[in-house]
Amino acid sequence: MKDLLITEIKKALVEVGAEPSREILIEKPNDEKFGDASSNVAMTLAKELKKNPRQIAQELVSKFKFNPEQIERVDIAGAGFINFYFSKSLLQQSVAQILAQGEQFGKSSVGVGKKAIVEYVSANPTGPLTVGRGRGGVLGDCIANLLEAQGYNLTREYYFNNAGRQMRILADSVRLRYLERCGDAITFPDDYYQGDYIKDIAEKIFSEKGDALKGETDLSSFKEFAEAEIFASIKRTLLRLGIQHDSFFNENSLYEKMESGKSRNEQVVDMLDQKGFIERKDGAIWFKTSLLGKKKVEDGKEIPVDTVLVKSNGEPSYRLPDIAYHTTKYARGFDLIVNVFGADHIDEYPDVARALEVLGYDTSRIKVAINQFVTTTINGEQVKMSTRKGNADTLDALIDEVGADATRFFFVMRAKETHLNFDLELAKKQSSDNPVFYLQYAHARICGIIRVAEEKAMLNAEAISPDFVKVLNAKEELDLAKELMRFPDAVSYAANSLEPQKMITYLNGVAELFHKFYQECRIVGETESVMKSRLLLALATRQVLRNGFKTLGISAPERM
RNA sequence: GUGCCUGUAGCUCAGUUGGAUAGAGCAACAGCCUUCUAAGCUGUGGGUCACUGGUUCGAUUCCAGUCAGGCACGCCA
């Protein structure tokens, strides 16, 4: 629809002597008296053509040649807005079109032939997923769904590290709890993993092996056991939310020697060295970010800052593998690289981007979606989350409380950059009049109507001839059809901006218009043609809701 | 102290890239079920878009500063 208007506007621009290759904004006016679509081109041209915007609008409008079956009329209003009014037949036909396209309605081909990767969750296997992680997980998953609907060949990736100090501490935590289970007296250090899940893992080892591992000083068997258990539980939790990655990338692989005899980490250091961005001092290897403008301010003085890539003990700091990891994303041929992570990693990405740029990678392919933290409160009291301390609110507990649909919905209904306050008590209380139910209820209602209609009128709704759309006439019917027609635009808008909550805003509008339509227009008991036309509209609405729910990953219940 | 994010109705938040009279849900009040699901619909009240300047035809939106809150600032990941 937008395309149709834009094409015609561009043609008119040429005729009035303006540059047609500009971006033309079409938006839906917030007041219906200003039409169904509106453009401000005339105003943006005022300076260039040195003319009054209204006069420019006048000239443009006189050049338009719209099919009256599609655009009924074009008006000029206000400072020079051009307002378009859709004709009834356009709205009617759009209903038929939605039904013909079915699940494909709303999909776009802008990403066809392109590869995209969305990296999300990426928690190391040291403990159960927290509520905070859940937000990034759901956000990433919805972004992936949206990009998939845009036609991208999509990879959902999970980046993890099961080596290093954190895993040694985890393994030793399990070992100590195991010894405790065997009856030994232990002292459990404060900086070890305190959570009960450690005891559960120890218990499991004990029930499988008895006290056979009691004298074991090598941590590897504890580590392997703990890692397997925790990873399995993370995947289980994600699956409850419908999140499934199709690629798990182990950070360790970046340390392994490749055919060249070097690891990817080493290669990155070499390449940065060739470009003159490496310095060796104090036994460590530094990335000279100071040359790229990285600095900090102390006592009012600016101090250039370099970044350690390899520590003096020979181990890479986490930044090096992170850079190396990103080079694999390019090597694997991704055209669009989306990274989803929490605000705590905010300082990390600029270094990675600096390195990639030095190495000649096109960083404009990378989009970063940073979600702000979730603060969890219970009865108004804030709970600090830390996996190490073991007092984290687990994502599992949250799903137990409010269900998978509401969990997904809550995480994604707010813009990612807002601080989300998740009151567990409130979430539980709200579960009966949760915003997610408003959407799902609309879907269930439609299913109910169709059931009743099929039974009472002895018909098959799916088999109704699309010709009956021509009967649609009431204001509520046409308003609803108009909104349904916007679905493809809503999907691309949400996908391009990586903002799934825009999908929710749109779907809420659809649900609202449907409920209004339901209130005013009866279906069963009307004349046959009216009933059939309204059933078609209901079916189209159901299709849009389903397609929309799919991008959000929430279910479409037939009964509630 | 520095960087990033946030500040919109009593509460939780939207706000289509700078547009026309700033919206929704919850909460409050008043209505609507012998008829397809009342988890719904209709109406009322509720606002200095944190504050001050700037940019322009036009600012909740962009810029600067101020105030308030969150997060991050290691040879931890």
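A note on names: the letters A, B, ... follow the listed sequences, proteins ahead of strands, and every chain is numbered from 1. All values below were derived from every heavy atom in this structure, side-chain atoms included, with hydrogens, water molecules and symmetry-related copies excluded.
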Have a look at B/C57 and give me syn or anti from its glycosidic angle (syn if within 90° of zero).
anti
So, A/Glu157 versus A/Tyr325: side-chain donor-acceptor pair below 3.5 Å or not?
yes
Judged by modelled atom types alone, do A/Asn547 and A/Gln543 share a side-chain donor-acceptor pair under 3.5 Å?
yes
Ring of A/Phe34 versus six-membered ring of B/A20: centres under 5.5 Å and planes under 30°?
yes
Are A/Phe341 and A/Tyr120 near enough that their ring centres are under 6.0 Å apart?
no
Separation of the C1' atoms in B/C75 and B/G69, to the nearest angstrom
33 Å
Quick one: label A/Ala444 by what it contacts on the DNA or RNA (base, sugar-phosphate, nothing), any heavy atom closer than 4.0 Å.
base
Measure from the side chain of A/Thr505, starting at C-beta and using heavy atoms only, and say which of B/C5, B/A14, B/G40 lies closest.
B/A14
Whole-Å distance between B/G31 C1' and A/Gln519 CD?
12 Å
B/G1 and B/A9, which share atom name P, separated by this distance in whole Å:
28 Å
Salt-bridge present (A/Glu526, A/Arg522; N to O < 4.0 Å)
no
Heavy atoms under 4.0 Å, any strand shown: does A/Arg534 hit a base, just sugar-phosphate, or nothing?
nothing
I'd like to know if A/Tyr441 reaches the base of B/A39 with its side chain such that a donor and an acceptor end up less than 3.5 angstrom apart.
no
Please determine, by modelled atom types, if A/Asn250 and A/Asn162 share a side-chain donor-acceptor pair under 3.5 angstrom.
yes
Do we count A/Phe81 as stacking onto B/A20 if the rule is ring centres under 5.5 Å and planes under 30°?
yes
If I pick the P atom on B/U55 and the same atom on B/A64, what distance separates them, to the nearest angstrom?
15 Å
Round to a whole Å and report the spacing from OH of A/Tyr349 to C1' of B/G3.
17 Å
Establish, with yes or no, whether the OP1 or OP2 oxygen of B/U42 is under 4.0 angstrom from a side-chain nitrogen or oxygen of A/Lys516.
yes
In whole Å, measure the gap between the C1' atoms of B/U52 and B/A30 for me.
43 Å
Side-chain N or O of A/Arg165 less than 4.0 angstrom from OP1 or OP2 on B/C76?
no
I want to check a possible cation-pi pair here: A/Arg73 against A/Tyr85, using under 6.0 Å from ring centre and within 45° of the ring axis as the test.
yes
Give one of base, sugar-phosphate or nothing for A/Arg522, where a contact means two heavy atoms less than 4.0 Å apart.
base
Residue met sooner reading RNA chain B from 5', once A/Lys33 and A/Ile26 are mapped to nucleotides
A/Ile26
If you compare every side-chain N and O of A/Lys456 against the phosphate oxygens of B/U35 (OP1, OP2), does one of them come in below 4.0 Å?
no
Within this structure, what is the NZ-to-C1' distance between A/Lys28 and B/G15, rounded to whole angstrom?
12 Å
Regarding A/Glu558, tell me which of base, sugar-phosphate or nothing describes its non-hydrogen contacts under 4.0 Å with the strands shown.
base
A/His443 NE2 to B/G40 C1': how many Å, rounded?
17 Å
P gap between B/A22 and B/C26, integer Å:
23 Å
Please classify the nucleic acid contact of A/Ser312 as base, sugar-phosphate, or nothing, using heavy-atom distances under 4.0 Å.
base
When rounded to the nearest Å, what value does the distance between C1' atoms of B/G18 and B/G58 take?
8 Å
Distance, nearest 0.5 Å, that separates CZ of A/Phe277 from CG of A/Leu291:
5.5 Å
Under 4.0 Å between any heavy atoms, over every strand shown, what does A/Asn40 touch: base, sugar-phosphate, or nothing? Just pick one.
base
Candidates B/C75, B/A20, B/C36 - which lies nearest the side chain of A/Pro29
B/A20
From the list B/G40, B/A20, B/C75, which nucleotide is the closest neighbour of the side chain of A/Tyr438?
B/G40
Once you apply a heavy-atom cut-off of 4.0 Å, does A/Ala415 come out as touching a base, just sugar-phosphate, or nothing?
sugar-phosphate
Can you tell me if A/Gln166 and A/Thr126 form a side-chain donor-acceptor pair at under 3.5 Å?
no
Phosphate oxygens OP1/OP2 of B/C32: is one of them under 4.0 Å from a side-chain N or O of A/Tyr518?
no
Would you say a side-chain N or O of A/Arg319 is under 4.0 Å from OP1 or OP2 of B/C76?
no
Within the structure shown, what part of the strands sits under 4.0 Å from A/Asn83 by heavy-atom distance: base, sugar-phosphate, or nothing?
base
Between A/Ser492 and A/Pro488 (side chain of the first, backbone of the second, donor and acceptor by atom type, cut-off under 3.5 Å), is there such a pair?
yes
What's A/Glu520 touching, base or sugar-phosphate or nothing? Going by heavy atoms closer than 4.0 Å.
nothing
Tell me which nucleotide among B/A38, B/A14, B/A20 gets nearest to the side chain of A/Arg445.
B/A38
Nearest nucleotide by nearest heavy atom, which residue falls closer to the 5' end of RNA chain B, A/Asn313 or A/Tyr493?
A/Tyr493
For A/Asp282, answer base if it contacts any base atom (sugar-phosphate contacts may also be present), sugar-phosphate if it contacts only those atoms, and nothing otherwise; contact means non-hydrogen atoms under 4.0 Å.
base
Could you check whether A/Glu27 gets within reach of a base, just the sugar-phosphate, or nothing at all, counting any heavy atom under 4.0 Å?
sugar-phosphate
Atom CD of A/Glu454 and atom C1' of B/U37: how far apart are they, to the nearest Å?
16 Å
Hey, are A/His326 and A/Asn339 close enough side-chain-wise for a donor-acceptor pair under 3.5 Å?
yes
Below 30° counts as parallel, above 60° as perpendicular, anything between as tilted: where do the rings of A/Phe160 and A/Phe231 land?
perpendicular
For A/Thr289 and A/Thr307, test the side chains for any donor-to-acceptor distance below 3.5 angstrom and give the result as yes or no.
yes
May I have the distance from A/His515 (atom NE2) to B/A38 (atom P), rounded to whole angstrom?
10 Å
Among residues 538-548 of chain A, which contact RNA chain B at a heavy-atom distance under 4.0 Å?
none
Stem regions touching RNA chain B, defined by at least 3 consecutive Watson-Crick or wobble G-U pairs below 3.5 angstrom:
B:1-7 with B:67-73, B:10-13 with B:23-26, B:28-32 with B:40-44, B:50-54 with B:62-66
Report yes if at least one side-chain N or O of A/Gln501 is closer than 4.0 Å to OP1 or OP2 of B/G15; otherwise report no.
yes
Residues A/Lys516, A/Glu512: salt bridge by 4.0 Å N-O rule:
yes
Roughly how many Å is it from CG in A/Leu309 to P in B/G74, rounded to a whole number?
16 Å
Under a 4.0 Å N-O cut-off, is there an ion pair linking A/Asp351 with A/Arg319?
yes
Between the side-chain atoms of A/Ser38 and the base atoms of B/A20, is any donor-acceptor pair under 3.5 Å?
yes
What interatomic distance, in whole Å, is found between C1' of B/C4 and the corresponding atom of B/A20?
35 Å
Determine the interatomic distance between C1' on B/U60 and the same-named atom on B/U8; round to the nearest Å.
7 Å
Interatomic distance, A/Leu139 CG vs B/C5 P [rounded to whole Å]:
16 Å
With heavy atoms under 4.0 Å as the rule, sort A/Val524 into base, sugar-phosphate or nothing.
base
